[in-house]
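Notes follow once the structure below has been shown.
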Amino acid sequence: MPGGGPLGWARLLLLLMTAAPWAAARPRPGASGGQPRLSVVLVACDSLDGRLTFYPGNQTVDLPFINFMKRYGTVFLNAYTNSPICCPSRAAMWSGLFTHLTESWNNFKGLDPGYVTWMDLMEKHGYHTQKYGKLDYTSGHHSVSNRVEAWTRDVDFLLRQEGRPMVNLTGDRKHVRVMEADWRNTDKAVNWIKNEAINLTQPFVLYLGLNLPHPYPSPYAGENFGSSTFLTSPYWLEKVTYEAIKIPKWSSLSEMHPVDYYSSYTKNCTGEFTKQEVRNIRAFYYAMCAETDAMLGEVISALRDTGLLEKTIVIFTADHGELAMEHRQFYKMSMYEGSSHVPLLVMGPGIKSQQQIPNVVSLVDIYPTMLDIARIPVPQNLSGYSLIPLLHGKAENVVSPKGHRPSWVLSEFHGCNVNSSVYMLRTGKWKYITYSDGYSVLPQLFDLTADPDELTNIAVKFPAVVHSLDKILRSIVNYPKVSSSVQDYNKRQFISWKQSLGQNYSNVIANLRWHQDWLKEPKKYENAIDKWL
């Protein structure tokens, strides 16, 4: 494994004792004046909780290369996904547009094939571009179960759609490459840097998409299984500090917010779990994060070895987080911090080192940032704002052509495992979450300074705050109208899918991921769908 054993990583970490390679000459990204344009590497993983990249979350697991990026670059303390599920989140990141503008309502519906991404524009403006690994921002992917569950979320039934979350230990203390597909893609990226990038006369942009630390498929759950297995080896598990693992507090099932109850039930989490089970799920998840970090390390190491690190901006992020049994749920699809808070670290020439930025930012900011680095004019219709002023240490006094960066971020969710459209506005210490039309489901308000674990909904206690945050939200998106159009879309899609199956419909719908529950009372569930239609 090139550089990828414990010795290779130890060698790279010796760099932590030396000056950053770009300390002497620091051309600023986005600055002109005859300086050559910088190359960019974006490593985007899947399901990494952003709180693991700073204190106190970083006490639970050793992530040396994320720490390397923090030492020589900048970490964003409040970076969010614009939709906490794979395809809609990536559609926002690649388009620079909020989810209600891309209309990426679920994992099946992303950007149209011809959509012009930031990478397309960079290529048009003279960058050499290369992509490896998981992309997942266009329509037509993921399982049939995934889309049917999203379309039928308004049907009056409750069915488990996932296997019960579990852990699986594989291999021995020497077993490093657990997620083989990700390692193969990492090797491709490393080889491309060493054999191709080094010979380029123009700047390049390299994207590496990793599937880790997303949980693995659970074949025991039958043919249409979900992904509820947290899998790792003893090698990675040893990177986890068990004593530092927090066992999350849970509300009783009867006290849960109704949408949380639906999510917990459909994710097969309403049964009994021992503290040891919960601790293990969290430990195995953190171990999977450590393996992800090592892949990031391979890329940094290749840039260092080729001398390219001194003229390259490196960005590390994720599409969303992972609840890992917080709020009695695993997976994402939630506005709670574990699911919606993403890592965002940037290092390279002109980026302030050891900087922690508290401003709220989100994945739509990647698009204008990439264009800024490449000195390409930024379109005015984007939802995001360039991160370059913040990365240069200029907080609020820099006004882009679009005006001041807003003091809020927006996230929204319209897919499976949640029986309502959800909208989250994060600003200052507040997180405001509202549902559907704003009236039929109780909103939530959390003070993240006083209640970082989001255990106490104070919406009723602070009606004036709710009113003012709701007003801001409605100025960004007419969310009752969006919710209504998603409901219409879901019904239209389902009817068209049902008609396409003809006489096979009853058999196909019974054997999706919810088959274990559906097959107990198939007529009851079919009738519930007929009533909805």
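Quick caveat, the model's predicted, so the values are computed rather than measured. In what follows, residues are counted from 1 in the order of the sequence shown.
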field: Stepwise ring-ring contact (aromatic ring centres under 6.0 Å, His included) test for H214 and Y331
entry: CA-CA 8 Å; H214 190 293; Y331 247 12; 5.5 Å; yes

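- The backbone N or O of T99 sits less than 3.5 Å from a side-chain atom of T102, completing a donor-acceptor pair.
- With sequence neighbours left out, the side-chain contact (heavy atoms from CB on, under 4.5 Å) criterion links E103 to W105, K109.
- When only modelled atom types and interatomic distance are considered, N168 and Y216 share no side-chain donor-acceptor pair under 3.5 Å.
- The aromatic rings of Y80 and H341 sit tilted, their planes meeting at an angle between 30° and 60°.
- S264 and T270 share no donor-acceptor pair across their side chains, judged by distance under 3.5 Å alone.
- Annotation: cation-pi geometry satisfied between K498 and Y505 (NZ/CZ under 6.0 angstrom from ring centroid, within 45° of ring axis).
- Note: W514 and Y525 fail the aromatic proximity criterion, with ring centroids not under 6.0 Å apart.
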query: Y265 and N419: side-chain contact (heavy atoms from CB on, under 4.5 Å), yes or no, with the steps?
result: CA-CA 11 Å; Y265 192 95; N419 56 344; over 6 Å; no

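- Atom NZ of K249 is surrounded by 12 or fewer heavy atoms from other residues, nucleotides or ligands within 6.0 Å.
- No side-chain donor from either of S420 and S436 sits under 3.5 Å from a side-chain acceptor of the other.
- Ring centers of H414 and Y423: under 6.0 Å apart, within the cut-off.
- Judged by distance alone, the side chain of K267 and the main-chain N or O of K332 form a donor-acceptor pair under 3.5 Å.
- Remark: R164 is positioned above the aromatic ring of F273, its terminal NZ or CZ atom under 6.0 angstrom from the ring centre and at most 45 degrees off the axis.
- Around atom CG of D156, no more than 12 heavy atoms belonging to other residues, nucleotides or ligands sit under 6.0 Å away.
- Checking S485 against D488 by side-chain atom types alone, no donor-acceptor pair falls below 3.5 Å.
- Between D46 and K134 a salt bridge is recorded (basic side-chain N to carboxylate O distance below 4.0 Å).
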field: Residue pair H320, F413: steps toward the ring-ring contact (aromatic ring centres under 6.0 Å, His included) verdict
entry: CA-CA 12 Å; H320 49 70; F413 184 79; 9.6 Å; no

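- Atom NE2 of H467 sits about 10.5 Å away from atom CD1 of I472, to the nearest 0.5 Å.
- Atom CG of D517 is separated from atom CG of L159 by 5.5 Å, given to the nearest 0.5 angstrom.
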